[in-house]
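Everything quoted here is computed from the prediction, not taken from an experiment. Below, each value reflects all heavy atoms present in this structure, side chains not excepted, and no hydrogens, waters or symmetry copies.
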Amino acid sequence: MIEGISFEKNGCSFKGSEIDRKFSYTNLKKAFEKNAIAYNPQQSNSENPEPDKEPEPPTKHYGIRGVELTAEKVRVLKNGGYFYLEGMDADNGKKFHSYVFTCLDFKKVFFSKEQPDKFVKYGKYDMRIMDKRRIEAGFLTMAKVKMDDNGNYSYSYLWKINKNDMEYTESWEDPREQKKQSEKLEVKNEILIKKSQGRKI
């Protein structure tokens, strides 16, 4: 009966498990058996059968108003882009065509008869129609804002705190990340306070 495995170099001997657990006899035996089956699929080991592979997750299909989207179109929407889509089902049962785009989290679809990247003026901002529509619907948006007439643009996060606000709130950094960092800091401070309260003086 084999009890273990050892390695020797320059007169020094080490147990396999002392070097690393993956070099123990049991783990090496499993690795060799797995490699043997991989190189020779006809060979099987009844004592240690290879576990069944998990089935591949089903591909998620997306559609808009009865029109199934290709993987490329889904990628465009998830990257904040838009495209013209024909043959969608209207509420009255007829077909309609429109530009389509979504909000950042891909939860709402917007329709536009105008080119979505056409610029419109709103307050101090000169932004794309698609960005204005997203913000007005209550979504956080990384808006493309025209800085001048020389083709210079800025990208900042814009949103409304309250739906009736006339002005947008602006941030150069993702406020969701800022919130996460703030929450982490609060939890860390709470743990430190609890630890300090538990100390004996």
Side-chain angles (χ1 to χ4, degrees), residues 56-195:
E56 290 285 330
T59 304
K60 193 167 184 179
H61 294 279
Y62 292 93
I64 298 176
R65 295 276 185 160
V67 179
E68 189 168 332
L69 302 181
T70 63
E72 175 61 21
K73 281 186 165 57
V74 172
R75 187 189 66 76
V76 168
L77 291 179
K78 286 189 173 180
N79 287 334
Y82 68 91
F83 50 81
Y84 193 76
L85 194 60
E86 298 181 343
M88 292 179 285
D89 297 326
D91 293 334
N92 60 9
K94 294 182 179 179
K95 299 288 185 184
F96 76 103
H97 322 303
S98 173
Y99 289 104
V100 295
F101 55 95
T102 65
C103 55
L104 279 182
D105 57 9
F106 204 57
K107 287 182 180 175
K108 181 175 172 61
V109 178
F110 295 89
F111 303 97
S112 174
K113 291 295 179 187
E114 293 184 88
Q115 194 93 12
D117 60 357
K118 180 182 175 183
F119 280 79
V120 292
K121 191 79 175 171
Y122 182 81
K124 67 177 184 177
Y125 302 104
D126 199 355
M127 65 175 69
R128 299 177 299 180
I129 288 173
M130 61 200 296
D131 293 330
K132 185 175 185 299
R133 289 276 305 279
R134 288 164 173 156
I135 300 165
E136 291 298 322
F139 293 99
L140 171 71
T141 302
M142 179 179 265
K144 182 178 181 180
V145 178
K146 194 183 284 187
M147 295 178 68
D148 52 42
D149 294 327
N150 298 321
N152 294 312
Y153 303 96
S154 68
Y155 294 84
S156 59
Y157 290 93
L158 298 175
W159 71 97
K160 278 189 172 186
I161 294 175
N162 301 304
K163 197 168 184 180
N164 296 328
D165 289 350
M166 296 303 293
E167 293 185 1
Y168 296 158
T169 303
E170 183 175 4
S171 174
W172 292 105
E173 295 179 14
D174 190 336
R176 295 168 299 183
E177 290 300 318
Q178 292 174 333
K179 187 180 178 184
K180 281 181 191 173
Q181 294 300 326
S182 176
E183 286 170 353
K184 282 181 185 175
L185 187 60
E186 284 177 16
V187 170
K188 187 176 179 182
N189 288 340
E190 189 178 327
I191 291 168
L192 289 172
I193 289 166
K194 283 182 180 177
K195 280 185 178 178

Atom [atom1] in [X], atom [atom2] in [Y]: separation rounded to 0.5 Å?
| X | Y | atom1 | atom2 | value |
| --- | --- | --- | --- | --- |
| Asp131 | Thr141 | CG | OG1 | 6.0 Å |
| Lys78 | Thr102 | NZ | OG1 | 9.5 Å |
| Met127 | Phe119 | CE | CZ | 9.5 Å |
| Lys144 | Ser154 | NZ | OG | 10.5 Å |
| Phe101 | Arg128 | CZ | CZ | 9.5 Å |
| Ile161 | Glu167 | CD1 | CD | 11.0 Å |

Decide if atom [atom1] of [X] counts as having more than 12 heavy atoms of other residues, nucleotides or ligands within a radius under 6.0 Å.
| X | atom1 | answer |
| --- | --- | --- |
| Lys113 | NZ | yes |
| Lys121 | NZ | yes |
| Asp149 | CG | no |

Tell me whether [X] contacts the main-chain N or O of [Y] through its side chain, where contact means a donor paired with an acceptor under 3.5 Å.
| X | Y | answer |
| --- | --- | --- |
| His97 | Met88 | no |
| Ser171 | Glu173 | yes |
| Arg65 | Ala90 | no |
| Asn162 | Asn164 | no |
| Asp148 | Asn150 | yes |
| Thr169 | Lys160 | no |

[X] to [Y] - nearest heavy-atom pair and separation:
| X | Y | answer |
| --- | --- | --- |
| Leu77 | Phe83 | CG-CE2, 3.6 Å |
| Trp159 | Glu170 | CZ3-C, 4.2 Å |
| Asp126 | Val120 | OD1-O, 3.2 Å |
| Asp89 | Gly66 | OD2-CA, 3.7 Å |
| Ser98 | Ser112 | OG-N, 3.0 Å |
| Gly87 | Val67 | O-CG2, 3.4 Å |

Check the angle between the aromatic planes of Tyr125 and Tyr168 and answer parallel, tilted or perpendicular using the 30° and 60° thresholds.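 Parallel.
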Can a salt bridge be assigned to the pair Arg133 and Glu136 using a cut-off of 4.0 Å between side-chain N and carboxylate O?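 Here Arg133 does not pair with Glu136 in a salt bridge, since their nearest N and O are not under 4.0 Å apart.
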Taking the side chain as C-beta and beyond, is there a heavy-atom pair between Val100 and Lys73 under 4.5 Å?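 SC-SC contact between Val100 and Lys73 ruled out.
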Is a side-chain donor-acceptor pair under 3.5 Å present for Tyr99 with Glu114?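 Per modelled atom types, Glu114 and Tyr99 side chains form no pair under 3.5 Å.
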On the ring face of Phe110, is Lys108 found with NZ or CZ under 6.0 Å from the centre and within 45° of the axis?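 Yes - Lys108 lies over the ring of Phe110, closer than 6.0 Å to its centre and within 45° of its axis.
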